[in-house]
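Heads up: the structure comes next, in structure tokens.
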Amino acid sequence: MQSLTDNLTRVAILASGNGSNAENIMALQTELGIKVCCIITDKKNAGVIEKAKKYRVKTYLVERSKKEIQEAKIVEILKELEVEWIFLAGYMKILSKFILDKFYDSKLGASKIINIHPSLLPLFPGANAYEQTYRSEAEVSGVTVHFVDEGMDTGPIILQESFKRNSDDSFDEFCKKGLELEWKIYPKAIQIVLNGSFKKMEGCI
Ligand code: GRF
């Protein structure tokens, strides 16, 4: 007999922090046609662990060790759970070719791994992007969802949206605006990749 979850795309979320994006995605599983099979975190006190419990999603703690060992453990879990896509949501580690190759899709021309980054890439890649952008005093900032490649936030951009920074915005107000936009665009980007409507932007990295 067919189960209700048989037609859902099986995904895993990798997160190291608070997990607000992960929570948002877990809350939207039905609308997005996905099943979040697991959360994988590298931090034993990550806020995402409590959020996963709320949605009855199993969490695996794969703490930092030698990259090859850590990634081999992750791949084992993903294989066991028959995961098709990986969504990174505040996962603070660059993935290596080993894991990228396992999820490479030749039709797509990319690995089925996407990430959200809090800046208008290619501006401000890497850690602390909100801090970097805020310090730059740019009037317009934004957030980006992109495919993951071996570089630091360099993969093809799926979706990018901007927000305005007012001159009197505190850093917290600035981050709040950004995060609220992240919660809006990550699900949209997921829909784009899952319904196959992703098109590489002309002249885009
Ligand atoms: C977000 O700002 C995301 O863009 C970045 O890490 C942060 C994670 O936030 N990659 P949360 O854990 O989803 O609340």
Side-chain angles (χ1 to χ4, degrees), residues 11-29 32 34 36 38-55 57 59-64 74 85-96 99-100 111 113-136 138 140-165 169-193 205:
V11 312
I13 300 176
L14 271 57
S16 306
N18 181 36
S20 69
N21 279 287
E23 176 167 30
N24 188 41
I25 295 168
M26 288 187 283
L28 293 172
Q29 289 179 87
L32 294 170
I34 61 172
V36 178
C38 67
I39 298 284
I40 298 180
T41 186
D42 54 352
K43 295 268 161 60
K44 64 170 182 293
N45 297 320
V48 71
I49 297 171
E50 279 308 307
K51 295 189 166 109
K53 278 187 197 154
K54 197 169 133 192
Y55 292 89
V57 172
T59 301
Y60 294 85
L61 174 65
V62 184
E63 282 183 292
R64 289 187 183 203
I74 292 174
W85 281 85
I86 302 176
F87 301 156
L88 304 185
Y91 187 66
M92 301 309 287
K93 192 130 196 223
I94 293 187
L95 300 180
S96 75
I99 197 159
L100 290 167
S111 297
I113 307 177
I114 63 176
N115 179 43
I116 185 143
H117 184 77
S119 78
L120 287 175
L121 289 172
L123 295 175
F124 308 116
N128 307 321
Y130 279 134
E131 282 91 332
Q132 293 186 60
T133 320
Y134 188 78
R135 250 186 266 122
S136 79
V140 174
S141 186
V143 300
T144 305
V145 182
H146 63 93
F147 282 103
V148 173
D149 64 11
E150 281 181 85
M152 169 91 85
D153 304 316
T154 49
I157 290 171
I158 300 157
L159 195 60
Q160 189 164 62
E161 279 187 29
S162 60
F163 66 93
K164 201 173 164 317
R165 176 213 179 136
D169 278 351
S170 67
F171 179 61
D172 284 352
E173 285 163 341
F174 173 76
C175 293
K176 186 167 179 277
K177 280 187 192 173
L179 205 51
E180 281 170 2
L181 190 54
E182 292 188 36
W183 302 333
K184 266 175 61 191
I185 80 158
Y186 210 162
K188 282 197 216 166
I190 290 171
Q191 277 171 327
I192 291 173
V193 295
I205 54 165

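Start at 1 and go down the list; that is how both ligands and their atoms are numbered. Every value quoted in this text rests on a predicted model; they were computed, and no experiment measured them. For the numbers below, each heavy atom of this structure counts, side chains included, while hydrogens, waters and symmetry mates do not.
Within the structure, the closest approach of Gly19 to ligand 1 falls below 4.0 Å when heavy atoms are considered.
Counting only heavy atoms of the protein, atom 14 (O) of ligand 1 lies nearest to Ser20 OG, 2.5 Å. Nearest protein heavy-atom neighbour of atom 9 (O) of ligand 1: Asn21 ND2, 4.0 Å. Of all protein heavy atoms, the one lying nearest to atom 10 (N) of ligand 1 is Ile116 O, 3.1 Å. The closest protein non-hydrogen atom to atom 2 (O) of ligand 1 is Glu182 OE2, 2.8 Å. Scanning all protein heavy atoms for the shortest distance to atom 7 (C) of ligand 1 gives Gly90 CA, 4.2 Å.
A donor-acceptor pair under 3.5 Å is absent between the side-chain atoms of Glu182 and the main chain of Val143, judged by distance alone. Looking at Gln29, its side chain does come within 3.5 Å of a backbone N or O of Val36 through a donor-acceptor pair.
Here Lys184 does not pair with Glu180 in a salt bridge; the nearest charged N to carboxylate O distance is not below 4.0 Å. Of the charged side-chain nitrogens involved, at least one lies within less than 4.0 Å of a carboxylate oxygen, so that Lys53 and Glu50 count as a salt-bridged pair.
Annotation for Ala127 and Met92: closest pair CB-CE, 4.4 Å, computed over non-hydrogen atoms.
In summary, the aromatic rings of Phe174 and Phe163 are positioned with their centroids under 6.0 Å apart.
Residue Tyr91 does not touch ligand 1, judged by heavy-atom distances below 4.0 Å.
The local environment of NZ in Lys93 is crowded, with over 12 non-hydrogen atoms from other residues, nucleotides or ligands closer than 6.0 Å.
Each of the atoms 12 (O), 14 (O) of ligand 1 lies under 4.0 Å from some heavy atom of Asn18. Shown in contact with Tyr130 at under 4.0 Å from a heavy atom are these atoms of ligand 1, numbered in order with element: 2 (O).
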